Amino acid sequence: MSTTMVAALNAALRDSLRADANVHVLGEDVGALGGVFRVTDGLAAEFGRQRCLDTPLAEAGILGTAVGMAMYGLRPVVEMQFDAFAYPAFEQVFSHVAKMRNRTGGQMGLPITIRVPYGGGVGGVEHHSDSSEAYYAHTPGLHVVTPATVADSYGLLRSAIASDDPVVFLEPKRLYWSAVDFSPAEVSTAQVPPIGRAMVRRPGTSATLLTYGPSLPVCLEAAAAARSEGWDLAVVDLRSLVPFDDETVCTAVRATGRAVVVHEAAGFAGVGAEIAARVTERCFHHLAAPVLRVTGYDIPYPPPMLEKHHLPSVDRILDAVARLQWEQ
Amino acid sequence: MSTTMVAALNAALRDSLRADANVHVLGEDVGALGGVFRVTDGLAAEFGRQRCLDTPLAEAGILGTAVGMAMYGLRPVVEMQFDAFAYPAFEQVFSHVAKMRNRTGGQMGLPITIRVPYGGGVGGVEHHSDSSEAYYAHTPGLHVVTPATVADSYGLLRSAIASDDPVVFLEPKRLYWSAVDFSPAEVSTAQVPPIGRAMVRRPGTSATLLTYGPSLPVCLEAAAAARSEGWDLAVVDLRSLVPFDDETVCTAVRATGRAVVVHEAAGFAGVGAEIAARVTERCFHHLAAPVLRVTGYDIPYPPPMLEKHHLPSVDRILDAVARLQWEQ
Amino acid sequence: MTVLDDSTAPGLVGPPNSHGPRRDPAPLLPDPEPVRILGTPAAKMFDTELQRELYRRLVLGRRFNQQATTLTRQGRLAVYPASTGQEACQITASMVLREQDWLFPSYRDTLAVVARGVRPVDALTLMRGHAHSGYDPYEHRIAPLSTPLATQASHAVGLAHAARLRAAADPETAEELVALALVGDGGTSEGDFHEALNFAGVLGAPVVFLVQNNGYAISVPLASQSAAPTLAHKAVGYGIVGRLVDGNDALAMHSVLSAAVEHARSGRGPVLVEAITYRLDAHTNADDATRYRSAAEVDAWRARDPLTLLERHLRAAGLLDDAGVAATARAAEDLATEIRAQFDNPPDPDPDSLFTHVYATPTSQLREQAAELAARRDADAYADAAEDEDEDEAR
Amino acid sequence: MTVLDDSTAPGLVGPPNSHGPRRDPAPLLPDPEPVRILGTPAAKMFDTELQRELYRRLVLGRRFNQQATTLTRQGRLAVYPASTGQEACQITASMVLREQDWLFPSYRDTLAVVARGVRPVDALTLMRGHAHSGYDPYEHRIAPLSTPLATQASHAVGLAHAARLRAAADPETAEELVALALVGDGGTSEGDFHEALNFAGVLGAPVVFLVQNNGYAISVPLASQSAAPTLAHKAVGYGIVGRLVDGNDALAMHSVLSAAVEHARSGRGPVLVEAITYRLDAHTNADDATRYRSAAEVDAWRARDPLTLLERHLRAAGLLDDAGVAATARAAEDLATEIRAQFDNPPDPDPDSLFTHVYATPTSQLREQAAELAARRDADAYADAAEDEDEDEAR
Ligand SMILES: Cc1ncc(C[n+]2csc(CCOP(=O)(O)OP(=O)(O)O)c2C)c(N)n1
Ligand SMILES: Cc1ncc(C[n+]2csc(CCOP(=O)(O)OP(=O)(O)O)c2C)c(N)n1
Ligand SMILES: [Mg+2]
Ligand SMILES: [Mg+2]
């Protein structure tokens, strides 16, 4: 059964709503429209408009309302319509969502899932293609998860909703329509991936690409292309930025002694900096070369016709691999 | 003449208001009260309530209003009362302030200075001690500046206000009352430090401490204490996080072959990660050890009685230096 | 007399100023019925030239909406949020402004931007995709189209406030300017809307906020957006004047908006105008409006199409005949032809422009990154050329 | 009949629901004069036991404010934002709630928290500095004190909404609860306030918003904060009921607030109450209020001290005599003694607690960091012990 990422996310929401009466979906246009990306398609029809609530257009209000609902024991799943439109809710994210458990000495946890379609590559006009993961990842108290495959979008979203902590769930919108043979109905609870574990998507011996979300397919493509240059690249999909899976990442880097981090957010103080810094701290003497980064430039996200120059490409990744100081 | 950082900042505002009729100060309590930290003391009296405007209590509205003022050719200087209370304005910061020049193909720049008292160490209750620099530094289009000395607070603030680009000016509140012999009146225009240049505060041969803002005095103290352990530590004060002074930093690191980055913000995906990553990229073969980080833990800022455990201390810095893999 | 004045309370020496100012809410409240002129006696008093001009502009505006939508079908525009059905709002928003005034449009307001003199192709740059904005904001006194909803409202307040400060400081060169901010019904729910109106009220800034209440925020109907009697009632909470107008009645729109603008210009404070209108097309070309509204509802509004209402009135008043309609239709076709011509050459934006306007002067980081991209493009060009040569040789 | 109903427009088949709901604003608007009971005939009808209880609680509340302020002078509290002068608001906010209800206090509302049953030392934890919050929100149904202004208002809406959803799903265990959110006059300017009221209006959530308008946001007077006729007028913009009350009249406060709470409880929607009051002390112990307000103004308000007004009334009504005053004063002293005792032992928070409640289960990163800190502290303890030994030996 061919399933798109949108369909897998939709199935995860549906199955979560079925499994737990406390799960509630809310956001802009999530009801009759089924969301601008159709991720909530059919949920209002099946579960009623209260459990899949079209809210007023006010992101701080949406998230603040979700905080109150979570305080009462519900499990709200909030949809932010686009990455940049979550910014109005950042005070709620930083000052309450991330901190409530800590502020109350563990007495009040907030099991909220914040779904954020993020990243570019879809020809979106300005403010529709931001990669905002670093803002969340730098904020203690949040889990930050981003699936890169259809199966993971189902499994990780179910885990996110089941989590007793707030999870920022970043959906790479340019993979929304990617489809594979996958049937959510066949996923058993045991198969649902836990939050916090990276996944080696491709073993390799020459160097290790560390990536996540929208950049995974680009890295896999680069790894395939690299064969012809004589490089056997490993590719690690982080899946969870917080918590970070040091073990899987360091094992994969130590095995090759070389690493390139790839993401499309601006490089400066991005998550890639953290990955490069911590890998270097932990694997320094295994490294034959510095950990390099291939990222978006330090510019506002470009207009559609120029975005291809900004996004990490196979070429840019291979150039970075070439710069990993290979002995001839 | 003994001058505190607060007095130096106040002088910089006053001199800027005098020098340019387009400079306007606005924020919560900046008028009659002179700001909760008294940085705007006396400005309303000298320049009138319009040029030092007490606004309604709404940070997005304050910054949005400043954007409109800047569009008309004024140079607004906005005060955010505390670090965490700038979060409501983040959509304005990210989607407009940082992007306006780019959005308009260079036709509309926004010469806004956003003053943010930041960081801890002052016994503040929750939400009063956040180190928010990484959020700004990761956002292309902003300059991000943070003085660590009395003289720099005067000079860099004048440069920030004179800049044609938006500058986030982070004031380390725990240094507000530090005082040195300094007379703003004697600073000539030529002496005003430009934005974007780091400063070697102390030369050294064993290892290099890279730091900024509130952590500079701690690093200097650590360097002094390190003498007795036989280490001669260099200390670099970044002063500007964006633009970043690669030249000064790399020269200082190459000279010692060892570096520790120190800041009090949470470490994960903090500015320290960027510094460690880029220093490693650029100086890899000069490094005898990985660049280490001494930062705040990845936790919400602690309550006053526990903050001493969270803040980078001389001890923690010396421990990191000790871990720089010295050959005996 | 303020509500705090409590001379009976012993010891209270008049109302502490800390609780002022308190004012009579009555003049701030909108009438329960939206202002209408078409079909009322007031229509007879309305300047006839202006009526004809409004008709002409509405027809051209409608043609603009149609042509832009066609461009999306041809792939020459990436996306277009049409204002079909809202032309009376868009056109009058531009007409009531003087040269020195500023317009702060929202993402749906390209037509208002064009009506103020920006070339269609430039107004549509955002939707075309080669740059974020295609016009010089200072040339036209129009802020870039704002996609983050309601965020531009406080910019309007700041600019209007700044102009008054400048005017007070230098009455010689004083411009009595008004800023007009356009917001949607959905946009009124954002905190930014509230903060902008509050600042405007407190500062007494010469701003007019025009809310085009077209009944929906994408799929969300007004009933899920607000429980207010009308959106115009929100004004009283900021001490500013609220007015309600039929947004499909071009004459009413023009008179309410010009009164609002002149109210603001004369220093009597900001105004919030709610125009009740309807978006006849889908949210954008990518939207499927049948998911959330009925054909019957759309039909009911089509019958209240601002063009139809105005044309019917003009004909009845003897101000328009078949020849006039035909002439206007020809002018509209000319506009459409001109727009198509403007779109003839596909844009070819320079990748180097990615780095040039991030800061007034690029940082060393950006110079490095620009050089990297330029080198890569040179290498690609070289590789392409080499490939071409190989192919030539092979042939 | 809605304002959109325009049966004269040809072809319009009734008002499209997309523009509804439209309602009569009149019942939503507050009276221009704040509700007062003291000094009016209504005082005679007021339950006498409740009057005495209010007096007792106000006196204790005042003593709480004084004692907490004293603790700051002694360095036993880091900071205290006193609600001196606002006790009638604080006390009634707690009294009108039932057990199942929730309180959402702002940073100044420790007294309301204490009045709902939290031990003073626990309510003051935030200000003492050993933890962020000292009480279990579920035990008392009180959210933690919110320092980011107005952000807790939407939490109140969400919680009240959730309770109604739960009640609808499971009427057996249904709790008809009301959430009461406390906001300051300054806080009403934040976008969060607007968004919360709008959500409450749209959802019809059982929430009461109490704005304690004490005339200032730190140093900023209301005139620089809002140009509204009254803050209660903001309610109409959300389709909710607005009420204005004299916040220093404990009887009026109690009756307006209980009516509001029962209005919300009965499903008739949210209420916004503006209580006009005054903060007699500075913003906090660290503030210098003489910079922004006159002694005359403070004196005028001191004459309207809620305690004075109530005591004068009770004495005049024969409900209180010197003996009663003395007995209440003794109870207040007992409270003060108890508070001091609660503060006797300086807290000694465990540094390991920094890591335990960031997540339900600490991440491996936090486990590493906790171990690092623990090791450092062990080493320090060891070094200290060694140093002590050295000293011992040297002696
Ligand atoms: C802050 C923000 N949140 C969400 C969006 C996504 N979005 C774009 S248009 C739209 C609906 C706008 O409705 P309304 O304000 O009524 O304007 P209209 O589209 O009807 O002109 C939404 C939710 C946005 N652009 N900005
Ligand atoms: C979002 C936010 N901005 C700024 C502050 C700093 N601050 C603390 S109290 C205060 C004034 C609050 O005034 P008001 O709402 O009237 O409450 P009051 O102090 O009078 O009780 C300010 C500006 C804050 N706590 N939160
Ligand atoms: Mg709309
Ligand atoms: Mg106040």
Side-chain angles (χ1 to χ4, degrees), chain C residues 3-4 8-14 16-25 28-29 32-34 39 189-195 198 201-202 204 213 215-216 221-230 233-240 244 269 276 278 293 296-297 299-304, chain D residues 3-4 8-14 16-25 28-29 32-34 39 189-195 198 201-202 204 213 215-216 221-230 233-240 244 269 276 278 293 296-297 299-304:
Chain C
V3 295
L4 262 185
T8 59
L12 186 61
V13 291
N17 70 356
S18 58
H19 285 93
R22 306 257 133 171
R23 56 192 287 186
D24 181 7
L28 308 177
L29 293 168
E33 288 293 324
S189 295
E190 290 283 3
D192 300 78
F193 177 77
H194 170 76
E195 298 187 12
N198 191 44
V202 167
N213 173 4
Y216 288 88
L222 186 65
S224 304
Q225 197 68 249
S226 170
T230 73
H233 275 89
K234 292 181 183 281
V236 68
Y238 310 102
I240 72 181
L244 188 64
I276 297 176
Y278 195 78
R293 62 187 199 183
E297 180 184 301
D299 286 346
W301 277 100
R302 224 178 270 290
R304 299 206 74 248
Chain D
V3 293
L4 262 185
T8 58
L12 186 61
V13 291
N17 70 355
S18 57
H19 285 94
R22 306 255 134 174
R23 56 192 287 185
D24 180 9
L28 308 177
L29 293 168
E33 287 293 325
S189 295
E190 290 283 3
D192 300 77
F193 177 77
H194 169 77
E195 299 188 11
N198 191 44
V202 167
N213 173 4
Y216 289 88
L222 186 65
S224 304
Q225 197 66 251
S226 170
T230 74
H233 275 88
K234 291 181 183 281
V236 69
Y238 310 102
I240 71 181
L244 189 64
I276 298 176
Y278 195 78
R293 61 188 200 184
E297 179 183 302
D299 286 345
W301 277 98
R302 224 178 270 288
R304 298 206 75 248

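What you see is a predicted model, and the numbers here were worked out from it, not measured in a lab. Basis for what follows: all heavy atoms, side chains included, without hydrogens, waters or symmetry-related copies.
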Is the side chain of C/N198 donor-acceptor paired with the backbone N or O of D/S226 at a distance under 3.5 Å, no angle test? no

Heavy-atom distance under 4.5 Å to chain D: side chain of C/I240, backbone, both or neither? neither

Which of parallel (below 30°), tilted (30 to 60°) and perpendicular (above 60°) describes D/H194 and C/F193? tilted

Nearest atoms (heavy-atom pairs only) where C/A228 meets D/G237: CB-O, 3.2 Å

Go through C/G239, C/G204, C/G39 and name the one with the most non-hydrogen pairs under 4.5 angstrom from chain D. C/G239

How about D/L28 and C/P229: do any of their side-chain heavy atoms sit closer than 4.5 Å? yes

Specify the closest pair of heavy atoms between D/A227 and C/G201, including all atoms of both residues, with the distance to one decimal. CB-O, 3.6 Å

In the structure I gave you, are the side-chain heavy atoms of D/K234 and C/K234 within less than 4.5 Å of one another anywhere? no

Quick one: list whatever passes ring pair (Phe, Tyr, Trp, His ring centres under 6.0 Å) with D/H233, sequence neighbours left out. none

